[in-house]
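Just below is one structure, and these are the notes that go with it.
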Amino acid sequence: MSQRDLIQAGGALFADEGQDGLMHRIFLRGEGFSADDVRKSPVIGIANSSSELNPCNAGLASLAAEVKAGIREEGGLPLEFPTISISEPFTRPTSLYLRNLMSMDVEEMISSSPIDGVVLLGGCDKTVPAQLMGAVSADKPAVMLTAGPRPVSCFKRNSEFTVDDVWPLCESRRVGEVSDADWLSLEGSVNTGVGTCNVMGTATTMAAVAEMLGFALPGSALPPANGASRRELARATGRRAVWAARADVKPQHLVTMKSLENAFRVVSALGGSTNAVIHLEAIAGRAGLRIGAENFEHWSSSTEYVANVRPGGAHLLADLEKAGGIPAIVNRIREVIHLSTPTADGSTWQNVLAVGTFEDHPAISSRGKPLSPRGALVMLRGNLAPRGAVLKAAGIYNPALQQHRGRAVVFNGIADLNSRIDDPDLDVDADSVLVLRGMGTLGAPGMPEVGHIPIPSKLHRAGVRDMVRLSDARMSGTSTGTVVLHITPEAAAGGPLGILRSGDEIELDVTAGTIRHFLTDTELASRPAFVNPQRPSRGFAWLHQRHVLQADEGCDFDFLRHDPTVTGTDTGSGPGARFAAGFDAQKMQI
Ligand code: FES
């Protein structure tokens, strides 16, 4: 059997009567699998990103047992394997920096293992897009189960304390308004269990995306991490994976412009994370598609913002779950959804809505009374962001800032920001525009979530709670404020952000969708270019610096995007492309 045949054979290798099948069975029998087990079909891998270094995903370890039970119920053989896991709070320099590496790990493990399909177990922000990207590139049947949100906690008099409540306390601590005792108490009060962030941050946003793209079961994004309903979802996911493998449901067929549009319209209706723009473009690229700023803006501007949940709204994720979860959101905006797209339960959104019952609930605005007639994410353009930027309008505290002109106060990187932001002599007032640059995917590297520039402490003490802030960085989906993110090209890639100086006038107009400077061509030409400080000479940093794309292209690596024209060349970049002409037929050697 040739190497290519070995890869394509998947789980059928266990039934092979020759040497290859014997060797496969020998090694599984050594693990304790029975003679009956090693002849079961299909073989379903479980790509588990559970890790003690990723507390949001730690609950996936126990859910894997339920997934296995579901696979066995349908006659399949589950084989669990570990993958890289990326923790939002722990991973340095940033989680996005490692997303593509995790996607390569997932792709290669799916492609290279004798499995017919896979269950993807992810949760924390970057693990879900990384798994989806890898699965789309590997193109074996894949079903996803996300970790689910962690419990809401209690801090002092707030009995519904969620992760977004931490950020204002951090701001208050900077100006001496939180005691040492409260600071210590906070560390034990916020996370009272495993699971993902308990507001509509990036993790829950991407869990909704997984539903909309047809990878995760409808209604699976919101049930809590530690509840019986998530265990039942895990078992059902295992069963569906067997079905998907038998029906040969390919990820490349799930990711279409229609399903991508559905996903982003739901993100817009949810007031979801700005990170979704980057991840959806990256997922699209793995299927040979390009969304582009115009589509993002068109879809967002023609979708009502309806989910009244934190951090942009008033209610808890649990309330949105009671209201019917993501299917209820789809039902609420059904006029702009492609209802014929497939769902992970083997049906379509049309059928899911037909059998669902959706009652009025304050977590979802009623018809005719949206929170906003347009989606919460606004794509910006202008001479300061020639290839685009994004702003989450749902997070603006002060509506007056939506049309604002002010003087720039420029910070070169996070060290400069930290050293000067609280300087009493900093030349800044409430009308200033705070600018942070050098924080893009090349310059940082990895586009850290630092775009939520803190309010200078002297202004914070004076009662200022929001200012216009700009950067080439990202922002946590749990943060809010008038924050322009993902300015592209970034400073380190030669974008105009790199030549701004403190005192330059900047204008933000959310209604017009523009972000502008007023420098003349002569001034622009006379200023020195921003110098990218990153000069890696080896390893993953070297690979990243040479191949990562800008935010408007999803920050994927150029060689990982799917090129349907590639055949017969081993680029490792998509289904079929991985099979090089140079592979020789050979028997498996151990
Ligand atoms: Fe992991 Fe928010 S930090 S989901």
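Because the structure is predicted, anything quoted here is derived from the model rather than measured. Just so you know, ligand 1 is whichever comes first in the structure, and atom 1 is the first atom listed for that ligand.
Residues Thr488 and Asp552 bring no donor and acceptor atom of their side chains to less than 3.5 Å of each other. Side chains of Asn48 and Ser50: a donor-acceptor N/O pair is absent below 3.5 angstrom, by distance only.
A side-chain hydrogen bond (donor to acceptor under 3.5 Å, both in side chains) with Asp556 is found for exactly one of Arg286, Arg561, His279, namely Arg286.
Under the 4.0 Å criterion applied to side-chain N and carboxylate O atoms, Arg174 and Glu171 are assigned as salt-bridge partners.
Residue pairs that meet the salt bridge (charged side-chain N to carboxylate O under 4.0 Å, His left out) test with at least one member in residues 82-100, sequence neighbours left out, are Glu88-Lys126.
Ring geometry for Phe540 against Phe557 counts as tilted: the plane angle lies between 30° and 60°, on a 0 to 90° scale.
Listed by chain and number, Cys56 SG, Cys124 SG are the protein N/O/S atoms closer than 2.8 Å to atom 1 (Fe) of ligand 1, with waters left out.
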